[in-house]
Amino acid sequence: MAEALVPRMQGFGETIFAEMSALAVRTGSINLGQGFPDTPGPAAMLDAAAEAVRAGDVQYPPGPGVPELREAVAAQRLQRYGLAYDPATEVFVTVGATEGIAASVLALAGPGDEVVVFEPYYDSYAAVIALAGAVRRPVLLRPSGGRFTFDPDELRAAVGPRTRLLLLNSPHNPAGTVFTREELETIADVVREHDLVAVTDEVYEYLTFDGTEHIPLATLDGMRERTVSVSSAGKTFSVTGWKTGWVTAPARYVRAVQTVKQFLTYAAAAPWQRAAAYALGSELAWVAELRASLEGKRDRLVSGLEAAGFTAYSPQGTYFVQADIRPLGFTDGRELARALPEKVGVVAIPTQVFYDHAEAGAHFLRFAFCKKDEVIDEAVERLSRLR
Ligand SMILES: *Cc1c(COP(=O)(O)O)cnc(C)c1O
């Protein structure tokens, strides 16, 4: 039979998360693969969603999002970062950050256009760049001084006459990097100099550790006018299944993104939008506790992985630790990730799937720590049998 899938999407197959989560279920393993918390968001937020459903909020909401969420997002960007957006024209609700990123890339990059991304990258980026018919230009993040960062010359060399977009994820999944002001200045220089648009994925904006500050690219000089910022409720409020995200950008970019988004899903589900609006206004103390708790879980997992013989990179943010498998005598992360469930009953993600240059990430596994302490402890105990 002929291949049913269009050529530009061939090679994207089943996501690694589906494969690894299925393996976790089949082998009864502890799943530190996919990054979803095993405890729910703030109770009053869950109640707000349930109340919205019971009150009959079950028809199409406005395509750009319910006004109360757009106002809550505008207030959040202003209070936290000093960034002013008009909720009516510069804030736009999407089905998770995933759709916000997809609609932005599809709206702003066409066939043959180039999109600069830092690799490893979140898996949806490569697929949506391919869907747009655009070309990705990866810039490598490598370990240096205990964190992953890029070489400014390599960033500058990645930009050419066809480059339209730069896609930036900070705090970064899977590398765990929170880009510093100096790094962001380098990125902003490139964006301004080549008249690019930046699309920023800030879904972990609240989940940074050791007092590390998340700095939105849009706050840098001249960058608000050329940045489409994307975030969502999923990670901030531990409701990854709600798929409620938003875009903040100058009106002309919002109009472009809206033109695409309205034909992808038209609107995002109403009850979650109401609950997210409530939470952005009233549950930031809960988020501060989540952040502190995740910091402790990060330390728990990092020291456990080190004790088990990995070299672990302690992340400055997100849900994930990168672990170098070479000290244990392994070299191929994909092979090890496929064997790990049978060997010791733990699932991790081979980081190489997030690279164009797979060899650069071949020896890393990504472990999630957004799990109950006892789950982390049991996973670490099992991993210690690897030696
Ligand atoms: C989880 C995640 C997303 C997806 O966010 P949703 O709101 O669930 O669509 C996007 N980017 C990164 C880096 C993530 O880790």
Side-chain angles (χ1 to χ4, degrees), residues 16 20 29-35 118-122 138-151 154 169-180 183 204 207-210 212 294-371 373 375-387:
I16 190 75
M20 288 297 161
S29 293
I30 296 178
N31 190 353
L32 301 188
Q34 202 168 13
F118 293 96
E119 69 172 333
Y121 42 69
Y122 185 64
V139 176
L140 195 58
L141 297 174
R142 326 184 161 72
S144 161
R147 66 195 277 281
F148 285 69
T149 188
F150 63 95
D151 176 340
E154 289 180 6
N169 174 214
S170 184
H172 188 280
N173 167 15
T177 299
V178 179
F179 288 85
T180 63
E183 288 165 339
Y204 297 101
L207 306 185
T208 65
F209 311 129
D210 314 317
T212 306
L294 280 171
E295 186 171 311
K297 291 174 190 299
R298 173 201 63 175
D299 293 343
R300 217 175 180 95
L301 180 59
V302 166
S303 54
L305 289 171
E306 290 278 348
F310 295 92
T311 298
Y313 288 86
S314 187
Q316 300 170 287
T318 78
Y319 285 167
F320 307 107
V321 174
Q322 289 297 336
D324 191 330
I325 62 178
R326 288 173 299 185
L328 282 161
F330 300 102
T331 51
D332 185 344
R334 190 187 283 268
E335 235 169 64
L336 183 58
R338 288 205 165 113
L340 215 49
E342 302 284 357
K343 261 187 202 288
V344 294
V346 176
V347 162
I349 299 289
T351 310
Q352 62 185 270
V353 301
F354 305 121
Y355 286 82
D356 281 304
H357 301 93
E359 71 286 356
H363 48 277
F364 291 115
L365 290 182
R366 191 195 77 171
F367 290 91
F369 54 83
C370 49
K371 306 291 174 186
D373 288 349
V375 173
I376 296 172
D377 291 347
E378 173 63 23
V380 159
E381 162 66 30
R382 292 182 183 191
L383 287 166
S384 70
R385 289 175 223 148
L386 256 182
R387 261 209 250 256

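Only a predicted model underlies this, so the values are computations on that prediction, with no experimental measurement involved. Any value given below was found using the heavy atoms of this structure, including those in side chains, with hydrogens, waters and symmetry copies removed. For this chain, numbers begin at 1 and follow the sequence in order.
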**Report entry** Worked verdict on F367 versus I349 for side-chain contact (heavy atoms from CB on, under 4.5 Å)
**Finding:** CA-CA 7 Å; F367 290 91; I349 299 289; over 6 Å; no
Query raised in the report: Yes or no on side-chain contact (heavy atoms from CB on, under 4.5 Å) for R142 and R147, after CA distance, side-chain angles and deciding distance?
Result: CA-CA 8 Å; R142 326 184 161 72; R147 66 195 277 281; over 6 Å; no
Query - Stepwise side-chain contact (heavy atoms from CB on, under 4.5 Å) check, V380 with R300 - result: CA-CA 9 Å; V380 159; R300 217 175 180 95; over 6 Å; no
Requested in this report: Please test V344 against L383 for side-chain contact (heavy atoms from CB on, under 4.5 Å), starting from the C-alpha separation and ending with a verdict.
Outcome: CA-CA 6 Å; V344 294; L383 287 166; 4.2 Å; yes
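The aromatic rings of H172 and F179 sit perpendicular to each other, their planes meeting at more than 60°, with 30° as the lower class boundary.
Looking only at distances, no side-chain donor or acceptor of Q316 sits under 3.5 Å from a matching main-chain atom of T212. Between the side chain of D377 and the backbone N or O of E381, no donor-acceptor pair lies under 3.5 Å. At least one donor-acceptor pair closer than 3.5 Å links the side chain of E183 to the backbone N or O of T180. Side-chain N or O atoms of D299 include none that pairs as donor or acceptor with a backbone N or O of L301 at under 3.5 Å.
Residues R298 and P315 approach most closely at NH1-O, 3.0 Å, considering heavy atoms. When all heavy atoms of E119 and F354 are compared, the closest pair comes out as CB-O, 4.2 Å. The nearest pair of heavy atoms linking P350 to A337 is CD-CB, 3.7 Å. When every heavy atom of N173 is checked against every heavy atom of T318, the shortest pair comes out as N-CG2, 4.1 Å. The minimum heavy-atom distance linking L294 with F369 is given by the pair O-CE1, 3.5 Å. The minimum heavy-atom distance between A360 and L140, with the atom names listed, is CB-CD1, 3.7 Å.
You'll find the side chain of L305 reaches within 4.5 Å of the side chain of V321, heavy atoms only. No side-chain heavy atom of K297 sits under 4.5 Å from any side-chain heavy atom of C370. Taking the side chain as every heavy atom from C-beta outward, V346 and S29 never approach each other to under 4.5 Å. Using a 4.5 Å heavy-atom cutoff, the side chains of E295 and T208 are not in contact. Taking 4.5 Å as the limit, every side-chain heavy atom of V139 sits out of range of all side-chain heavy atoms of D151.
Atom CG in L340 sits 5.5 Å away from atom CG in L386 (nearest 0.5 Å). Going from atom OH of Y313 over to atom CD of Q322 covers 9.5 Å, rounded to the nearest 0.5 Å. Taken from CD1 in I325 to CG in L365, the straight-line distance is 5.5 Å, to the nearest 0.5 Å. To the nearest 0.5 angstrom, F364 atom CZ is 12.5 Å from F310 atom CZ.
Using modelled atom types, one finds no donor on one side chain facing an acceptor on the other under 3.5 Å when comparing E306 with T311.
Remark: R366 qualifies as a cation-pi partner of F320 under the 6.0 Å distance and 45° angle criteria applied to the six-membered ring.
Scanning for side-chain hydrogen bond (donor to acceptor under 3.5 Å, both in side chains) contacts around D332 gives Q352, with sequence neighbours left out. With sequence neighbours excluded, the residues that form a side-chain hydrogen bond (donor to acceptor under 3.5 Å, both in side chains) with D356 are Y121, R136.
Taking the ring centroids of F148 and F118, they lie at or beyond the 6.0 Å cut-off.
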